[in-house]
Enquirer: 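Please read through the structure below; I'll follow up with questions.
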Amino acid sequence: MTAPSLDFVHQFVPAAPPGAAHGGLTLLLLHGTGGDEHDLLPVGRAVAPGAALLSPRGRVLEGSAPRFFRRLAEGVFDVPDLVARTHELAGFVAAAATGYGFDPARVVALGFSNGANIAASTLLLHPGLLAGAVLLRAMVPFEPDAPVRLPGTPVYLGAGRFDPIIPAANSARLAALLDDSGARTTLEWQPTGHQLAPTELDRVRQWLAASALA
Ligand code: MLT
């Protein structure tokens, strides 16, 4: 289902009827560089059957590859652009909640790589917008100027032990930043690189169920 009035190209899959598993939850799916709004729909369906799925396409092009914000080099972000794009994404989520009628207090982001980075930025710049987040291969998007308050917000960080893009210290720093803000952070290391490990989505599904998000 698409709504032409919303300013991101996107897919929206309504939630299963109330009473079904994950009813009431909306997963905000944020793809990696070169992906699009279709990429993570099967992932969302697998980790939260019955949840609504809202899946925008990043509006920045790097060559022909969609992204959610500009970067200066791999792992080096154009922070003013990231900040502006984060505000745009937050506005889109709020407009989509009104347009599609889902509960804005029950939105959980699930992002991979570039999508995980803008999800982390959304946590820092719009605390309260997301009820939780699954950040798969995320980096510290920027160091906040002022303390951020995310009391009790559940955040799952999935990191690759051999990730050539994200140094282990950066993943640890992101976990510390979120912990310091009061988030309930779970950092799990996979024996892999930037790509997802075969059993990783099972862990995400279990974590969502255990985090009272479902
Ligand atoms: C990013 O630019 O967000 C990160 O370098 C991850 C990527 O998209 O490759």
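As the structure is a computational prediction, the values presented were derived from the model and not from experiment. Both ligands and their constituent atoms are indexed starting at 1 by order of listing.
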Enquirer: With heavy-atom distances below 4.0 Å as the criterion, list the atoms of ligand 1 near Arg67.
Expert: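 In order of number, 1 (C), 2 (O), 3 (O), 8 (O).
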Enquirer: Regarding Asp179 and Thr185, do their side chains bring together a donor and an acceptor under 3.5 Å, going by distance alone?
Expert: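 Checked: Asp179/Thr185 side chains pair up, N/O donor to acceptor below 3.5 Å.
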Enquirer: Does any N/O atom on Gly75 come nearer than 3.5 Å to any N/O atom on ligand 1?
Expert: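 Yes: some nitrogen or oxygen of Gly75 is under 3.5 Å from one in ligand 1.
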Enquirer: List the atom of Gly34, the atom of Ala65, and the distance in Å for their closest heavy-atom pair.
Expert: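 What the structure gives for the nearest pair is CA-CB, 3.7 Å.
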Enquirer: Without hydrogens or angle criteria, can the side chains of His31 and His38 be said to hold a donor-acceptor pair below 3.5 Å?
Expert: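 There is no such pair (donor and acceptor under 3.5 Å, judged by atom type) between the side chains of His31 and His38.
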Enquirer: Examine distances only and state if a side-chain atom of Asn170 and a backbone atom of Val140 form a donor-acceptor pair shorter than 3.5 Å.
Expert: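 Yes; judged by distance alone, with no hydrogens or angles, the pair exists.
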Enquirer: Taking the non-hydrogen atoms of Gly32, is any one of them nearer than 4.0 angstrom to ligand 1?
Expert: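 No, Gly32 has no heavy atom closer than 4.0 Å to ligand 1.
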Enquirer: Look only at interatomic distance and state if His194 has a nitrogen or oxygen under 3.5 Å from any nitrogen or oxygen of ligand 1.
Expert: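 No, since none of the N or O atoms of His194 sits under 3.5 Å from an N or O of ligand 1.
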Enquirer: At what distance is the nearest protein heavy atom to atom 7 (C) of ligand 1, and which residue and atom is it?
Expert: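 Protein heavy atom at minimum distance: Ser113 OG, 3.3 Å.
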Enquirer: Give a yes or no answer on whether the side chain of Arg71 reaches the backbone of Val76 with a donor-acceptor pair at less than 3.5 Å.
Expert: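 Such a contact is absent between Arg71 side chain and Val76 backbone.
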Enquirer: For residues Pro144 and Leu177, report the shortest heavy-atom separation together with the two atoms involved.
Expert: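 Smallest heavy-atom distance, with atoms named: CD-CD1, 3.8 Å.
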Enquirer: Could you name the option among His31, Glu74, Arg70, Arg71 that has the heavy atom nearest to atom 9 (O) of ligand 1?
Expert: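 Nearest option to atom 9 (O) of ligand 1, by heavy atoms: Arg71.
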Enquirer: Closest non-hydrogen protein atom to atom 8 (O) of ligand 1, residue and atom name please, with distance?
Expert: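 Atom 8 (O) of ligand 1 sits closest to the protein heavy atom Thr33 OG1, 2.5 Å.
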Enquirer: Test your reading of the model: is there a side-chain donor-acceptor pair from Asp81 to the backbone of Phe69, 3.5 Å cut-off?
Expert: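 A pair under 3.5 Å: no.
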Enquirer: Check contact between Phe68 and ligand 1, using heavy atoms of the residue and a distance below 4.0 angstrom.
Expert: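 Contact absent.
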Enquirer: Determine whether the side chain, the backbone, both or neither of Arg137 has a heavy atom under 4.0 Å from any heavy atom of ligand 1.
Expert: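 Contact part for Arg137 vs ligand 1: neither.
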Enquirer: I need the atoms of ligand 1 closer than 4.0 Å to a non-hydrogen atom of Phe77, numbered in the order shown.
Expert: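 Answer for ligand 1: 1 (C), 2 (O), 3 (O), 4 (C).
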Enquirer: With a 4.0 Å heavy-atom cut-off (strictly under), which part of Asn117 contacts ligand 1: side chain, backbone, both or neither?
Expert: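 The side chain, only.
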Enquirer: With atoms numbered from 1 as shown, which atoms in ligand 1 lie under 4.0 angstrom from a non-hydrogen atom of Phe69?
Expert: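 Answer, ordered by atom number: 3 (O).
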Enquirer: Please step through side chain to side chain contact (heavy atoms under 4.5 Å, CB included) for the pair Phe77 and Phe142, ending with a clear verdict.
Expert: CA-CA 8 Å; Phe77 302 155; Phe142 54 83; over 6 Å; no
